[in-house]
Amino acid sequence: MAHQAWNKSSWQNFPVVQQPNWPDREAYQEALAELATLPPLVFAGEIRELKRQLAMAAEGKAFLLQGGDCAEDFARCTAPAVRELLKVILQMTVILGYAGGKPVVKVGRMAGQYAKPRSSDTEMVNGVELSSYRGDMVNGIDPTPEARRPEPQRMLKGYHLACATMNILRAFTRGGYAALDRVHAWNNEFVKRSPQGQMYERVARGIDQAINFMRVVGLDTDNIPQLQQASFFTSHEALLLGYEEALTRQDSTTGGWYDCSAHMVWIGERTRQVDGAHVEFCRGILNPVGVKIGPNYEVDNVQRLVTALNPGREPGRLTLITRFGAGKIEKFLPGLIRAVKETGVPVVWSCDPMHGNTYTSETGLKTRNFAEILNEIRAFFEIHWSEGTVPGGVHFEMTGDDVTECTGGGRDIKDSELRLNYQTNCDPRLNAEQSLELAFQIAEMIRG
Ligand code: PEP
Ligand code: CO
């Protein structure tokens with residue numbers, strides 16, 4: 001079907017994949033109607049500010065750091081969990097900014113990352129076939145038929161928990177916690193002892209000295225907003241289109257339509273069909289939009305995709321998040337870059353080194369290896385340099401907790417150690433130490 005006039009419901013005329021099969025349609029419509037009356041989670045002005053910062057990343061004047069859980073967990077919507085993840089993101093920001101020398105655009109996979117696409121509708125657990133877990137906004141992770149039943153009220157719960165997460169994020173980032181004279185306080189006890197934690201302490205001391213120097217020369221550092229607050233944005237995969245539509249609102253000052261469920265949303269690898277509902281929905285909202293792209297792209301298709309999503313060639317509007325895997329990036333990224341260049345559509349190039357590097361370890365747990373993750377990032381930088389494009393950002397699945405989900409890294413987590421603290425509801429995440437280690441490596445790459 002050709003793209004014609006857009007409205008927030010026009011996606012309903014297009015084929016839609018990866019939607020739950022809600023057993024109770026009436027309850028589903030009621031939940032959406034209620035969501036449509038509830039206040040927006042973010043505001044148009046904030047969304048425009050993120051777009052402005054992403055436009056800088058597209059040109060190489062800033063660097064995008066996007067990260068958080070694969071799937072947020074309703075049960076872990078707590079102040080400590082949000083704070084610990086925010087701390088690591090702030091630490092990485094300091095490392096990338098101080099050692100890498102570029103402002104960092106900070107975007108959490110947070111405050112609404114509650115819905116998951118799945119490769120298969122069902123899975124076998126102990127010989128029983130169950131509907132797949134599709135994220136806490138759809139069904140429960142427990143391996144029982146009752147828990148796996150899609151329950152529309154979960155969308156409302158997800159909205160309220162996203163709201164609570166947003167609220168505490170605003171408090172942490174604006175209420176003094178993210179002030180740069182607190183850099184030492186962001187270093188976790190369990191990280192402090194590690195080599196990465198100690199390298200971080202050295203960076204933090206450098207920042208202390210710089211701030212102290214500003215005071216010495218007479219600047220009132222308590223009243224410089226850039227030192228006292230962090231700008232922090234939220235994002236999630238725009239998967240459940242009914243939910244996204246219900247939170248899409250018209251901005252009273254400009255008349256434009258914004259998806260106010262998050263500052264940025266992205267389209268996943270499984271839902272980026274040019275003639276599909278997800279692309280139709282996202283092409284009309286004015287938020288920055290991301291698209292995941294893996295090895296099975298077709299040149300012609302990608303060209304139509306980027307043109308459909310960014311017809312006005314607006315910098316900062318579109319971020320392409322490539323996720324090929326360390327073994328495939330050299331084969332697939334150059335062709336993608338050339339295809340996009342031909343269209344003249346500006347994009348932020350971001351590297352997701354997680355989703356192409358997933359494997360099942362001997363213990364049966366899904367994992368990713370630190371060295372592979374780093375290899376994909378390094379290849380990403382090198383390929384962009386040689387193609388004359390800008391490696392503009394990274395996209396991580398990570399947590400502030402001391403988990404053992406990805407192998408390798410400074411502590412060299414082994415396959416056999418994954419069970420020590422494997423917590424994720426979905427894909428394996430980098431722990432705080434592994435995240436800092438990557439930040440140091442990336443800072444060097446940014447410096448070129
Ligand atoms: C994800 O980001 O969790 C995800 C499902 O990624 P992709 O769409 O790239 O597979
Ligand atoms: Co994932």
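For reference, positions follow the sequence shown, starting with 1. Excluded from the calculations below are hydrogen atoms, water molecules and symmetry mates; all remaining heavy atoms, backbone and side chain alike, are included. One-based numbering, in listed order, for ligands and for the atoms of each.
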Note to self: I need the atoms of ligand 1 closer than 4.0 Å to a non-hydrogen atom of Arg109, numbered in the order shown.
What the structure shows: 1 (C), 2 (O), 3 (O)
Item checked: Test item: side-chain donor near acceptor, Asn357 and Glu376, under 3.5 Å -> yes
Margin query: Applying side-chain hydrogen bond (donor to acceptor under 3.5 Å, both in side chains) to Asn188 and Glu84, what does each step give before you reach the verdict?
Written below: CA-CA 8 Å; Asn188 243 313; Glu84 292 311 298; 2.9 Å; yes
Next item on the list: Could you list the atoms of ligand 1 found under 4.0 angstrom from a heavy atom of Cys70?
Entry: 3 (O)
Next item on the list: Run down the list Gln18, Glu269, Arg270, Gln66 and name the one with the heavy atom closest to atom 5 (C) of ligand 1.
Entry: Arg270
Checklist line | Options Lys116, Arg118, His395, ranked by nearest heavy atom to atom 3 (O) of ligand 1, top entry | finding: Lys116
Checklist line | Option passing ring-ring contact (aromatic ring centres under 6.0 Å, His included) with Trp266 (candidates His236, His395, His355) | finding: His395
Checklist line | Nearest to the Co ion (ligand 2) - the N/O/S atom of Glu397, by atom name | finding: OE2
Next item on the list: Measure from the side-chain N and O atoms of Arg272 to the backbone N and O of Lys292, and report whether any donor-acceptor pair falls under 3.5 Å.
Entry: yes
Item checked: Modelled atom types, side-chain donor and acceptor of Thr404 and Glu417, under 3.5 Å -> no
Next item on the list: Check whether any N or O atom of Asp427, backbone or side chain, sits under 3.5 Å from an N or O atom of ligand 1, and answer yes or no.
Entry: no
Next item on the list: State the atoms of ligand 1, each with its element, that fall below the 4.0 Å cut-off from a heavy-atom position in Gly268.
Entry: 8 (O)
Margin query: Has Thr367 got a side-chain atom pairing as donor or acceptor with Glu405's backbone, closer than 3.5 angstrom?
Written below: yes
Checklist line | atom 6 (O) of ligand 1 - nearest protein heavy atom and its distance | finding: Lys292 NZ, 2.8 Å
Next item on the list: Kindly compute the distance separating OH (Tyr177) from CG (Leu86), expressed to the nearest 0.5 Å.
Entry: 7.5 Å
Next item on the list: Looking only at N, O or S atoms, find the one in Asp427 nearest to the Co ion (ligand 2) and name it.
Entry: OD2
Next item on the list: Answer yes or no for Cys426: is there an N/O/S atom below the 2.8 Å cut-off from the Co ion (ligand 2)?
Entry: no
Check: Going by the atom numbers of ligand 1, which of them fall below 4.0 Å from some non-hydrogen atom of Glu397?
Finding: 1 (C), 2 (O), 3 (O)
Margin query: Tell me whether Asp352 has any N or O atom under 3.5 angstrom from an N or O of ligand 1.
Written below: no
Note to self: Are more than 12 heavy atoms, taken from residues, nucleotides or ligands other than Lys328, located less than 6.0 Å from that residue's NZ atom?
What the structure shows: no
Check: atom 1 (C) of ligand 1: which protein heavy atom is closest, and how many Å away?
Finding: His355 NE2, 3.0 Å
Check: Could you walk me through whether Glu129 and Thr122 pass the side-chain hydrogen bond (donor to acceptor under 3.5 Å, both in side chains) check?
Finding: CA-CA 6 Å; Glu129 187 174 31; Thr122 59; 2.9 Å; yes
Margin query: Out of all atoms in ligand 1, which are within 4.0 Å of some heavy atom of Arg323? Include the element for each.
Written below: 7 (P), 9 (O), 10 (O)
